[in-house]
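Here is the structure we will look at.
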Amino acid sequence: MKIKLKIWRQRDSRSKGEFKEYHLDDVSKDMSFLEMLDTLNIKLIKQGDLPVEFDHDCREGICGQCGVMINGIAHGPLKNTTTCQLHMRSFNDGDTIHVEPFKAAAFPIVRDLKVNRSAFDNIISSGGYVSVDTGQAPEANSIPVTFEEAESAFDAAACIGCGACVASCKNSSAALFTSAKISHLARLPQGDKETSTRVVNMVNQMEEEGFGYCTNTEACQVECPENISVLNIARMNYEYNKAKVLAKK
Amino acid sequence: MAITGLFLSFFLIIHLLGNLQLLLPAEEAQLQYNSYSHFLGGNILVKLVAYVLYLCIILHSLDAIYLAYRRKKANGVSYSYDRRGRASTWYSRNMTALGIIIFVFLVIHFKDFWYHYKFGDLPTDVNGNKDLYTLVVVAFEQLWYVILYIIAILALGYHLLHGVFSAHRTIGLYHPMYNKVIRVLGVVFAVAITIGYIIIPLFLYINFQS
Amino acid sequence: MSKTIEAPIPEGPIAEKWSNYKAKAKLVSPNNRKRLEVIVVGTGLAGASAAASLAEMGYNVKSFCFQDSPRRAHSVAAQGGVNAAKNYKNDGDSAYRMFYDTLKGGDFRSREANTYRLAECSASLIDQAVAQGVPFGREYGGYLRNRSFGGVQVSRTFYARGQTGQQLLLGSYQALLRQKQAGKVKLYARHEMLDVVIIEGKARGIIARNLDTGQIERHGAHTVVLATGGFGKIYYLSTLAMGCNASAIWRAHKKGAFMANPSWTQIHPTSLPQSGEHQSKLTLMSESLRNDGRIWVPKDQNETRAPGDIPEEDRDYYLERKYPSFGNLAPRDISSRAAKEQIDLGKGVGPLKNAVYLDFSRAINEYGKDVIAERYGNLFTMYKKITGIDAYREPMKISPAAHFSMGGLWVDYELMTTVPGLFAIGEANFSDHGANRLGANSLLQACVDGYFILPYTLQNYLADQIRIEKTDVNHPAFEESERQVKDQMQAFLNCKGKKTAEEFHKELGRELYDKCGLLRTKEGLEKAIENIKKLREEYKTNLLVPGTAGEVNSELEKAGRVSDYMELAELMCLDALHREESCGAHFRAEYQTAEGEAKRDDENYCYSAAWEWTGNASAPMLNREPLVFETVKPTVRSYK
């Protein structure tokens, strides 16, 4: 099938970007979206142009490195699907596809469709862990975790950190990402001990990184590849409010 | 935002219940409504609550301005091709715009009724209470005023449709079942308030059309 | 001159060797630790867990990864689970049994003491991961749940739905970031290591390229740890991530580290088949699916009916038929080869006739759709996203794909390469899996190396380095390495030929898959070597890389990686050619039993081949590490 592409080209975070138009005539329906971009890039390189830089790695929807706005939607038209798992069968012959990077002040553009998401790492650094050193762990079965606790912790822990939640949010809020980690750990006895310090530190860090506030539009869950629940955000708010109300100093 | 919002929502119920007296037969309504207004104006407790109410309106608005500022700052450069709207409701994305409509309406509303009642020179009814009732009835005899009122109330309705449940989330209600309950109650509340507040001007406009 | 090399093994019976080692290993006192610097390249399970553990002990760690965040390292993609000899099922498991299963699974081509240590440390790993908040599957009462996996008869696999690798990696990633916050780890994401710097015979630093700016950076340390994973991506079509590469270990190899058994690549039986030329990777479907899925092909090679319409009597459940006691859970190499056999017989299914069916209908009837969805829900969803087919209604189509490198840098018992001060952990080394890795052992090895082994063995090395000053990055060795790296990149850019690195990679991959894949012959390998040499020559003159070196340039990154593959590919073929036996994943058509199974030659090939770089990619030197079996006696590996 034939596809017209309008791809955002931008040299770096300081330059101005714009849509550039490209045409591909031999796109197969079985191609993944990224394979379609590969095909374009080979064509561009052979023409002597610079290829479109985009982030990707595992191409099976788990590493979270890929992610672009496709026709104005994070990761494209399919819900709960990463860019790498989107296939060209979701498009029609003759379609025009707009491809833009995730945009948020906290995600500066590196080049073209590549953005820097290290703000997410900084949020995790500020408290998204259990403070246990190697060697300190007790026997695994000594603290039972019920099936339901483990399953609901997993639901939150499944986040792949791609940033689609931020990109889909009109406030550019990282609430879904941050809250997923907070509630993953708060739901397990191993992690719950540190919840109150964790939540305050992570929420503060989230603001420091320049993300916006959550106003519960719930767009994030719709576009989240792992369908992380927005109720995690409520859990984060609960833990945050509780920590603030009960603060001893 | 959530707490002020919820307080304001609560006030809407009280205000509506009070104003429903306007639907009584004219004579009865006039006396009862005026004496009710007088009671509100004279009670120290009510006065205190009123100050909290003013404060909430101001805080809610300031908070909204701050949120809008944060949004602008966090967004950075905006998208050139944006279809993100498919994932959320239009009113949840436009709470600020709805809020501005409501705020403008409130200014008019305060000016026309609250200011007149408090500082204006109103005639009194047979019981000697200020005749707010007549002021209201006369106001709603004008079609444009009724339409303005209805638009504002619709904006309020949508604002509530998102606001009530969103406020509960922000406070931290994360239990899935109670979230469903709040969702339903939020919708019921928004619809009830909207209908309630729209009935009054419509009723007055139709009944007092001369 | 070819040498016999030895890895000093601690004394004592096999079960006591590691304890004996730990009891005698040298230590570094806490106030000396903060003066020592460690570079860890790679942030997968091995790298992140090692970096975090060392930082917790007080060392200053610099952690590098080429991805944009350490959380994206390819360990994240492991689905099925992680093995541990906890014996929670009371089904007769023990460290010894696990050791034996692993050794046998590897067709008796791994070092006994290392393999035992892997099994021995497995239980602590589960404890560690649970304490970090890894949400493993649980029974309703709250205790950990297990399932069985290929190649064993006990249930010792722990899992977190179909995303075990992700959850374990997040655990170590979080531990790593915790140390970053504490100031003990400096993180260098989007940095690619391009060379190891050796000063006075010891690894003392690396040259890395900042992928966002193109800047070449020098980093010094007292020791360098490579945790850079496997190189299965050399086949181009593989289950690996696009960025997985051999460059770090290959460049270390060219600086003196031996490469061991490079041709032993596991071809995973349950991947999705290739659908066309454009394809960039093959997605893996976890092997755990074989617990409940049955593998079959139509008996008739001209079968045209839809799978659901083919009656039982016209189906050949070939694994159940050939290997009755293990059935669909036969080890990976055997399952892959059996699939290839059926496909070669023309019984393959799908449009390209390159797949076999993996059928869940019986399990769905038996346990219900809900149970199957709970076990494998995300895999079924993934299958549907990629192929558009609902596997609850119709069998999956699967086919073998390159997956795991059993070979890698040769390391001794302490996980140190032949370059002093240069360590290799996780998939980057060759140590524990022999000629075939059992399912759910790779996550285990990566974690155990990083959490529980390296912290002791590295310390034993560092104890002698406490008097050595901080590395001076202006040392001539850094200058020289940096110059070489820059020259090489400039050569790629100046070439201005007609083919992209990706196109070369595809060609190389096809050649390897055909001739150095599931089935190898002398003739094929010789032919492959010839072709690879030609391709390598062409690469020098006909490569096309756009842009410049001083900017973001993913094509330049690829050019370097493919260049290393070009040399490694030949070594793989040479390794496969020299080993005139079949063992595990290495199946030479000339050496098979009457039933078509791998035929080992313990008399002549009971060794690990450790290849030494000589400056000529076509003439590496073979060194042998004899495999001594003190505890078990190698037997014919049978899963019948």
Side-chain angles (χ1 to χ4, degrees), chain A residues 28 30-32 34-35 38-39 42 45-46 48-51 53 55-65 81 85 87 89 110-111 114 116-118 120-121 124-126 128-134 136-141 144-147 150 153-154 157-158 161 184-185 188 190-191, chain C residues 52-53 56 67-69 71-72 74 76-77 88 124 126-128 130-133 135-144 160-161 163 166-167 170 174-175 177-178 180-181 189 212 241-243 275-276 278-281 283-284 382 385-386 388 451 455 500 502-503 544 546-547 552 554-555:
Chain A
S28 144
D30 288 330
M31 275 182 185
S32 70
L34 296 182
E35 284 163 354
D38 289 344
T39 314
I42 291 197
I45 296 166
K46 296 206 166 173
D49 295 331
L50 285 181
E53 291 286 347
D55 255 327
H56 64 105
D57 200 28
C58 79
R59 296 204 176 185
E60 52 187 88
I62 192 75
C63 77
Q65 181 141 321
T81 303
Q85 295 212 294
H87 282 67
R89 68 178 80 92
V110 176
R111 175 170 292 187
K114 251 185 190 161
N116 181 343
R117 285 164 291 190
S118 54
F120 271 9
D121 289 333
I124 299 293
S125 298
S126 70
Y129 41 72
V130 177
S131 298
V132 57
D133 286 353
T134 305
Q136 288 178 329
E139 152 61 36
N141 259 347
V145 178
T146 64
F147 177 80
F154 185 98
H184 157 212
L185 296 174
L188 294 170
Q190 288 85 358
Chain C
S53 303
E56 286 160 9
Q67 295 89 347
D68 80 334
S69 160
R71 68 181 293 152
R72 314 211 191 279
H74 200 54
V76 79
Y88 284 158
S124 323
I126 301 303
D127 301 342
Q128 183 64 28
V130 166
Q132 288 172 340
F136 282 124
R138 298 274 173 167
E139 305 290 353
Y140 283 90
Y143 297 104
L144 287 152
R161 287 197 207 147
Q163 291 162 234
Q166 181 202 25
Q167 294 308 317
L170 289 179
Q174 289 161 201
L177 291 194
R178 176 172 161 245
K180 180 192 160 217
Q181 191 78 349
D212 282 349
M242 300 305 285
S275 66
H278 55 264
Q279 197 132 345
S280 58
K281 86 157 265 159
T283 302
L284 180 75
M382 178 154 147
K385 277 181 189 165
I386 295 170
Y451 285 121
T500 63
E502 192 115 355
E503 290 172 293
L544 174 57
V552 184
S554 49
E555 285 300 310

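Hydrogens, waters and symmetry mates are skipped; everything else that's a heavy atom, side chains included, is used.
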Answer with side chain, backbone, both or neither: which region of C:Ala189 has an atom nearer than 4.5 Å to a non-hydrogen atom of chain A? neither

For A:Gly128, is there any backbone N or O sitting under 3.5 Å from a side-chain donor or acceptor partner on C:Gln174? yes

C:Phe136 versus chain A, heavy atoms under 4.5 Å apart: side chain, backbone, both or neither? backbone

Does any N or O in the side chain of C:Lys281 come within less than 3.5 Å of the main-chain N or O of C:Ala241, such that one atom is a donor and the other an acceptor? no

Does any backbone or side-chain atom of C:His74 lie under 4.5 Å from a heavy atom of chain A? Answer side chain, backbone, both or neither. side chain

Which of A:Gln85, A:Lys46, A:Gln65 touches chain C most, by non-hydrogen pairs under 4.5 Å: A:Gln65

Among C:Ala160, C:Gly141, C:Ala52, C:Pro455, residue most engaged with chain A (heavy-atom pairs, under 4.5 Å): C:Ala160

Is it the case that the side chains of A:Arg59 and C:Ser280 hold a donor-acceptor pair, with the cut-off being a distance below 3.5 Å and no angle test? yes

Pick whichever of C:Thr500, C:Leu284, C:Val76 has the most heavy-atom pairs under 4.5 Å with chain A. C:Val76

Please classify the contact between A:Arg111 and chain C as side chain, backbone, both or neither, with a heavy-atom cut-off of under 4.5 Å. side chain

Taking C:Ser275, C:Ala175, C:Gly137, C:Gly276 one by one, which has the highest count of heavy-atom pairs under 4.5 Å against chain A? C:Ser275

I need the residue from C:Arg161, C:Gln166, C:Gln181 with the largest number of non-hydrogen atom pairs under 4.5 Å to chain A. C:Arg161

Is chain A contacted by the side chain of C:Lys180, its backbone, both, or neither, given a heavy-atom distance below 4.5 Å? side chain

Could you work out, with ring pair (Phe, Tyr, Trp, His ring centres under 6.0 Å) as the rule, every residue matching C:Tyr143, not counting sequence neighbours? none

Option in A:Gly161, A:Pro51, A:Gly61, A:Gly191 with maximal non-hydrogen atom pairs under 4.5 Å from chain C: A:Gly161

Which region of C:Gln67, side chain (C-beta onward) or backbone (N, CA, C, O), has a non-hydrogen atom less than 4.5 Å from a non-hydrogen atom of chain A, or is it both or neither? both

Is there a donor-acceptor pair under 3.5 Å between the side chain of A:His184 and the backbone N or O of C:Pro135? no

With chain C, which of A:Leu185, A:Asp121, A:Ile124, A:Val130 has the greatest number of heavy-atom pairs at distances under 4.5 Å? A:Asp121

Using the side chain to side chain contact (heavy atoms under 4.5 Å, CB included) criterion, which residues pair with C:Arg178? Sequence neighbours excluded. A:Tyr129, A:Ser131, A:Asp133, C:Glu56

Heavy atoms only, distances under 4.5 angstrom: which of A:Gly48, A:Ser118, A:Ala158 has the most pairs with chain C? Name it, please. A:Ala158

Answer key: most heavy-atom pairs under 4.5 Å with chain C among A:Pro144, A:Cys63, A:Ser125 is A:Ser125

Please determine, among C:Arg71, C:Glu502, C:Glu555, C:His278, the option with the most heavy-atom pairs under 4.5 Å with chain A. C:His278

Heaviest contributor of heavy-atom pairs below 4.5 Å to chain A, chosen from C:Met382, C:Glu139, C:Glu503, C:Gln163, is C:Gln163

Atom group of C:Ser124 that falls short of 4.5 Å from chain A, counting heavy atoms: neither

Against chain C, label A:Leu188 side chain, backbone, both or neither, depending on which of its atoms sit under 4.5 Å from a heavy atom there. side chain

C:Thr283 side chain to A:Glu60 side chain, donor-acceptor N/O pair below 3.5 angstrom: no

For C:Leu144, is it the side chain, the backbone, both, or neither that has a heavy atom closer than 4.5 Å to a heavy atom of chain A? both

A:Asp38 portion near chain C, given a 4.5 angstrom heavy-atom threshold: side chain

When heavy-atom pairs shorter than 4.5 Å are enumerated against chain C, which of A:Ile45, A:Asp55, A:Ile42, A:Thr146 gives the highest number? A:Ile45

Portion of A:Thr81 that has a non-hydrogen atom of chain C nearer than 4.5 angstrom: both

Heavy-atom proximity to chain C below 4.5 Å, by part of A:Glu53: side chain

